[in-house]
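Report on one structure; see the data block that follows.
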Amino acid sequence: GMSDLCSPVIILLENEADAFWCFEHMMKKLRGNFRCTERSVGVEAQLGNLASITQVIDPKLHQHLESLGGGDYLFAIRMLMVLFRREFSFCDSLYLWEMMWALEYDPDMFSIYEDHETASEKCEGSSKVKQKMRQKYGKFERENHRNGSKTTVSSSSSSSSASSSSPLPISVFLVASVLKDKSSVLTEAQGLDDVVKILNGITGNLDARKACSGAMKLHKKYLKKV
């Protein structure tokens with residue numbers, strides 16, 4: 001999946017060194033999805049989050065998917081791993097990435113690229129100007145802070161109740177938005193093969209603006225319900 005993420009960077013940046021460091025920083029943001037242990041792959045946590053979100057916003061669909069043996073949501077793994085690179089055209093996927101990362105922009109994120117001591121110092125001082133900084137946040141982040149904290153759910157693969165583990169990226173809500181949009185068709189699926197076939201059929205037919213708009217609506221709905 002990393003080649004899907006790297007290819008736009010190589011195409012857009014002519015200088016190889018710039019492309020390398022841009023990709024390296026991108027992977028710092030996304031590396032959690034690729035981390036493996038003896039028992040699990042990092043993206044499983046995101047799939048578990050997706051299951052929890054779907055259970056809250058569309059319980060009928062979640063129940064149907066579970067009855068088909070798809071409660072682990074593995075059929076959605078590609079969308080999360082390569083950030084919709086295969087579901088959208090090249091230009092639309094770049095457009096989506098720009099919108100997605102702008103929506104979840106957090107001024108404090110730059111501390112993860114600095115050494116530990118410098119980052120700690122900045123974090124201590126940032127609390128004093130937190131309120132002032134908040135107006136610079138992306139819409140997705142502002143919505144989280146307006147509700148008291150970042151959106152979090154259990155990082156286990158089971159669809160359990162909300163907990164304070166890791167913040168949810170908007171990409172999870174984007175996938176949830178696609179599933180919600182195709183809910184009427186997915187609830188008629190007779191097996192997991194049908195689910196995969198339906199989702200494969202959306203390749204090249206998604207609209208980036210509509211996807212982001214749908215994700216933001218679901219995010220707001222989810223925050224209210226949780």
Side-chain angles (χ1 to χ4, degrees), residues 1-50 76-88 90 93-127 129-130 133-134 136-145 149-157 163-175 208 211-212 215 219:
M2 287 190 285
S3 58
D4 288 281
L5 298 173
C6 187
S7 58
V9 179
I10 293 173
I11 291 170
L12 289 173
L13 299 174
E14 294 180 5
N15 184 287
E16 260 188 42
D18 288 344
F20 171 79
W21 288 113
C22 185
F23 177 62
E24 194 266 351
H25 277 56
M26 183 194 290
M27 289 309 300
K28 271 190 176 180
K29 182 178 177 66
L30 304 173
R31 62 186 170 187
N33 285 349
F34 293 87
R35 281 190 175 134
C36 298
T37 65
E38 291 180 0
R39 296 183 178 180
S40 65
V41 181
V43 76
E44 285 180 21
Q46 298 297 328
L47 294 173
N49 293 338
L50 176 61
I77 193 169
R78 187 179 74 185
M79 286 187 272
L80 286 172
M81 288 290 278
V82 300
L83 294 183
F84 294 91
R85 269 287 288 114
R86 301 188 193 180
E87 279 69 34
F88 289 86
F90 180 77
S93 60
L94 294 187
Y95 184 80
L96 179 70
W97 286 6
E98 288 232 27
M99 281 202 299
M100 182 173 68
W101 289 329
L103 285 167
E104 59 180 16
Y105 172 73
D106 180 345
D108 293 334
M109 69 183 286
F110 297 106
S111 63
I112 68 172
Y113 301 126
E114 299 170 348
D115 63 82
H116 183 70
E117 290 181 8
T118 308
S120 298
E121 288 173 11
K122 286 203 170 186
C123 285
E124 287 173 11
S126 67
S127 58
V129 293
K130 205 76 175 176
M133 293 280 284
R134 199 162 293 168
K136 298 179 181 178
Y137 281 41
K139 188 176 180 181
F140 183 80
E141 283 296 303
R142 284 202 305 272
E143 197 70 41
N144 283 332
H145 283 280
S149 65
K150 287 175 179 273
T151 314
T152 57
V153 298
S154 173
S155 60
S156 65
S157 57
S163 72
S164 57
S165 53
S166 56
L168 287 180
I170 195 172
S171 53
V172 179
F173 288 93
L174 280 163
V175 179
C212 269
H219 178 237

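Across all non-hydrogen atoms, the minimal contact from Asn33 to Met81 is O-SD, 3.7 Å. Contact detail for Val172 and Gln46: the closest heavy-atom pair is CG2-OE1, 2.8 Å.
Separating the CG atom in Asp4 from the CZ atom in Phe84 is a distance of 13.5 Å, to the nearest 0.5 Å. A distance of 3.5 Å separates CD1 of Ile10 from SG of Cys6, quoted to the nearest 0.5 Å. Taken from CE in Met27 to CD in Glu24, the straight-line distance is 9.5 Å, to the nearest 0.5 Å. For the atom pair Glu87 CD and Ser93 OG, the distance stands at 10.0 Å (nearest 0.5 Å). Taking NE2 from His25 and CZ from Phe20, the interatomic distance works out to 10.5 Å, rounded to the nearest 0.5 Å. Annotation: the span from Leu5 atom CG to Phe34 atom CZ amounts to 5.0 Å, rounded to 0.5 Å.
Screening Val43, Val175, Leu50, Val82 against Ile77 for a side-chain contact (heavy atoms from CB on, under 4.5 Å) leaves a single residue, Val43.
The closest donor-acceptor contact from the side chain of His219 to the backbone of Ala215 lies at 3.5 Å or more, if one exists at all.
Residues Arg85 and Ser7 are in side-chain contact: their nearest non-hydrogen atoms beyond the backbone lie under 4.5 Å apart.
Leu13 is linked by a side chain to side chain contact (heavy atoms under 4.5 Å, CB included) to Val9, Asp18, Ala19, Cys22, counting only residues two or more places apart in sequence or in another chain.
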Using residues 94-101 as the side-chain source, report each donor-acceptor pair under 3.5 Å to any protein atom, sequence neighbours left out, with the distance given to one decimal.
from, atom 1, to, atom 2, distance (Å)
Tyr95, OH, Arg209, NE, 3.0
Tyr95, OH, Arg209, NH1, 3.3
Tyr95, OH, Arg209, NH2, 2.8
Trp97, NE1, Leu83, O, 3.0

